[in-house]
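Everything on this sheet refers to the single structure shown next.
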Amino acid sequence: MKWNLPNILTLLRLLAAPGLAVMFLYFTRPYADWFALLLFISAAITDWFDGYLARAWKQETKIGAMLDPIADKAMVVIALMILVGYSNEHWTPWLVLPATVILFREVFVSGLREYLGDTAGTLKVTKLAKWKTTAQMVAIAILFSQGIFEHYYVMSSWGMDNALIDQVLTGEVEDLQGLRWKVEAMFWSGRIGLWLIWIAAALTLITGADYLRKAMPHLKEGA
């Protein structure tokens, strides 16, 4: 195996995937959300850099080609697991279905690639699949930020009753804790994140169907 900078970046991204879950084991919220968000964004940035550097420096290797998609899938799968597990009751039902679609597609396509073996080259990554991955990464980052805004809102409104909170949000009482902007940030980050994750799920279905179509000639009996 040849280890160069692009491969090292890919390996670090792979190791960062379980690190997302570790953040929620060792830190309380919202610090866990902050650390997970920063770790996820850093890993997403290296996803672009390792591929770019490998091509620019002509350092593309088999180990890098093998680890890169695994690292991407691990980051997305673990991040979605955390988001579904830690999201509030209002958002969870709307997050479960697109997360299920994304996870099912990853398992399905991985199974196809394993079955096809040497002919798996027919399932090359398309531009649409890259857009799908980008939508997933952006959506997950925004949804992590939603958890941060939610916990700062809860911390700021601690000890207030519902009547007082309503008065602050409607402007009847001075907003000394910044509740209004925290509520807006919490709402819009959650809404935009869900829109993007549903878009990513739709792209996931399209690319999954495309991979299946390309694999069908190799799945026929006697092929």
Side-chain angles (χ1 to χ4, degrees), residues 10 13-24 36-37 39-41 43-44 47-48 51 65-147 189-221 223:
T10 302
R13 191 167 80 256
L14 179 62
L15 295 176
L20 295 174
V22 172
M23 296 299 104
F24 288 84
L37 175 61
L39 185 60
F40 185 85
I41 291 176
D47 184 27
W48 182 84
M66 183 270 291
L67 288 178
D68 187 68
I70 294 175
D72 289 343
K73 289 176 174 58
M75 287 295 298
V76 170
V77 168
I78 293 174
L80 286 176
M81 179 186 68
I82 293 169
L83 288 170
V84 170
Y86 284 90
S87 62
N88 63 41
E89 295 179 358
H90 177 72
W91 296 115
T92 298
W94 296 101
L95 183 59
V96 169
L97 182 57
T100 301
V101 170
I102 292 170
L103 297 180
F104 178 81
R105 183 265 190 192
E106 298 300 351
V107 173
F108 183 77
V109 172
S110 296
L112 272 181
R113 290 183 184 277
E114 182 177 353
Y115 176 79
L116 292 176
D118 293 338
T119 58
T122 58
L123 304 183
K124 292 182 179 179
V125 177
T126 63
K127 287 186 177 180
L128 189 60
K130 292 181 179 179
W131 278 107
K132 176 265 301 180
T133 300
T134 300
Q136 289 177 356
M137 295 293 189
V138 174
I140 289 170
I142 293 175
L143 288 172
F144 271 131
S145 72
Q146 192 274 336
S189 59
R191 182 63 59 87
I192 293 171
L194 283 177
W195 286 341
L196 286 175
I197 206 69
W198 276 87
I199 291 173
L203 294 176
T204 293
L205 284 176
I206 294 170
T207 56
D210 181 55
Y211 285 148
L212 178 60
R213 178 185 61 82
K214 292 176 180 177
M216 282 304 295
H218 304 282
L219 300 177
K220 295 179 180 178
E221 294 296 334

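Because the structure is a prediction, the values reported are computed rather than measured.
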Less than 4.5 Å apart, side chain to side chain, heavy atoms only: is that true for [X] and [Y]?
| X | Y | value |
| --- | --- | --- |
| Ile41 | Met137 | no |
| Ile197 | Leu194 | yes |
| Thr204 | Glu106 | no |
| Leu80 | Ile102 | yes |

Between CG on residue Asp210 and CG on residue Leu205, distance to nearest 0.5 Å: 12.5 Å
Interatomic spacing from CD1 in Ile82 to CZ in Phe40 - rounded to 0.5 Å: 10.0 Å
According to side chain to side chain contact (heavy atoms under 4.5 Å, CB included), who are the partners of [X], at least two apart in sequence or on a separate chain?
| X | value |
| --- | --- |
| Ile70 | Leu14, Met66 |
| Phe104 | Phe108 |
| Ile199 | Leu196, Leu203 |
| Val84 | Leu95, Val96, Ala99 |

Under 3.5 Å: donor-acceptor pair, side chain of Trp198, backbone of Trp94: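 Confirmed, Trp198 side chain pairs with Trp94 backbone.
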Qualifying side chain to side chain donor-acceptor pair (under 3.5 Å) pairs with a residue from residues 15-24, counting only residues at least two apart or across chains: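 Every candidate side chain to side chain donor-acceptor pair (under 3.5 Å) pair involving residues 15-24 fails, so no pair, neighbours aside, qualifies.
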Listed once per pair and sorted, the side chain to side chain donor-acceptor pair (under 3.5 Å) pairs that draw on residues 72-81, sequence neighbours left out: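 Those involving residues 72-81 are Arg13-Asp72.
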Counterpart residues, ring-ring contact (aromatic ring centres under 6.0 Å, His included), relative to Trp48 (two or more places apart): Tyr52
Counterpart residues, side chain to side chain donor-acceptor pair (under 3.5 Å), relative to Thr207 (two or more places apart): Arg105
